[in-house]
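Not measured: the values here are computed from a predicted model. The first residue of the sequence shown is numbered 1, and numbering continues consecutively from there.
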Amino acid sequence: MFDAQMHAFLWPTQVGQTVLWRLIGFGLMLVASGLLLHKNRYLKKFSAVLAIISSLLIAVTFTFIGHSTELGLLAQGLILIHVLIIGSWIGAFYPLWKLCSTDDNIVIKNVMDTFGRLGIVIVILVLLSGMGMVWMLFDSPTELFSSDYGIAVTIKLCLVAIILLIAAWHKLVLVPKLTIANPSLAKQKLQKSIGLEAVIAVLILATTAVLSSVLGPMSLG
């Protein structure tokens, strides 16, 4: 990070351009976050538009580098959808966790019910885009167990399966209990469970970082 020669080498490349556009995207998001706190409703609406633009810009940068660039437009489109959906899903964990600290269990239940309905669409898009990428990156299913890249992908898939099971437990067990017997205990369990989801999400992101920067699929070797 502090090597001047490396900076001089990387900035003119696609890697440098990707970093530049990501910095612009995060900068726009920072501005949008500040405007969202403003009392003026027109500025709040503008902040929402700016946040959408910055999110799209950041997501698009994932198509500039990485394995998808070697697989064509379809793979880049799948990556774009995958990043946007995963970002929306994981990004909701902290607000939902924070919401569980409030005293109004009915509000918590209504928000969780809404998120649960959206979650069905999110899960479908995540699975379709993710499995589409797996299909394009591997020549054979056996590579999931016979290569370092395949094993890392398998670990990621297992972590995703765990997080989906936790989400199902929320929807079917914990959320319905928020307004019936011992709702306080149910709320505490829900908050802890959302925290566990966030930890698993970090592990998924860490695995993805290894996949994208350290390992590579045999089909692109």
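Side-chain contact between I108 and N105: present, with at least one pair of heavy atoms (C-beta onward) separated by less than 4.5 Å. Considering only heavy atoms from C-beta on, I200 comes within 4.5 Å of I166 through its side chain. I106 has its side chain out of reach of K109: every pair of non-hydrogen atoms, C-beta onward, lies at least 4.5 Å apart.
A distance of 13.5 Å separates SG of C158 from CD1 of I163, quoted to the nearest 0.5 Å. Interatomic distance, I120 CD1 to F115 CZ, rounded to the nearest 0.5 Å: 11.5 Å. To the nearest 0.5 Å, the span separating CG on L80 from CG on L56 amounts to 7.5 Å. Taking CH2 of W97 as the start and CG of L196 as the end, the distance is 13.5 Å to the nearest 0.5 Å. A distance of 11.0 Å separates CG of L23 from OG1 of T18, quoted to the nearest 0.5 Å. Rounded to the nearest 0.5 angstrom, W89 CH2 and L118 CG are separated by 13.0 Å.
L165 CG: more than 12 foreign heavy atoms inside a 6.0 Å radius.
Taking the ring centre of F62 as origin, the terminal cationic atom of R22 falls inside the region bounded by 6.0 Å and 45° from the ring axis.
Residue V49 shares its hydrophobic cluster (ILVMFWY side chains chained together at separations under 4.5 Å) with I53.
Listed for the T207 side chain is a donor-acceptor partner under 3.5 Å among the backbone atoms of L203. Listed for the S47 side chain is a donor-acceptor partner under 3.5 Å among the backbone atoms of K44. The backbone N or O of K187 sits nowhere less than 3.5 Å from a side-chain atom of K192 that would complete a donor-acceptor pair.
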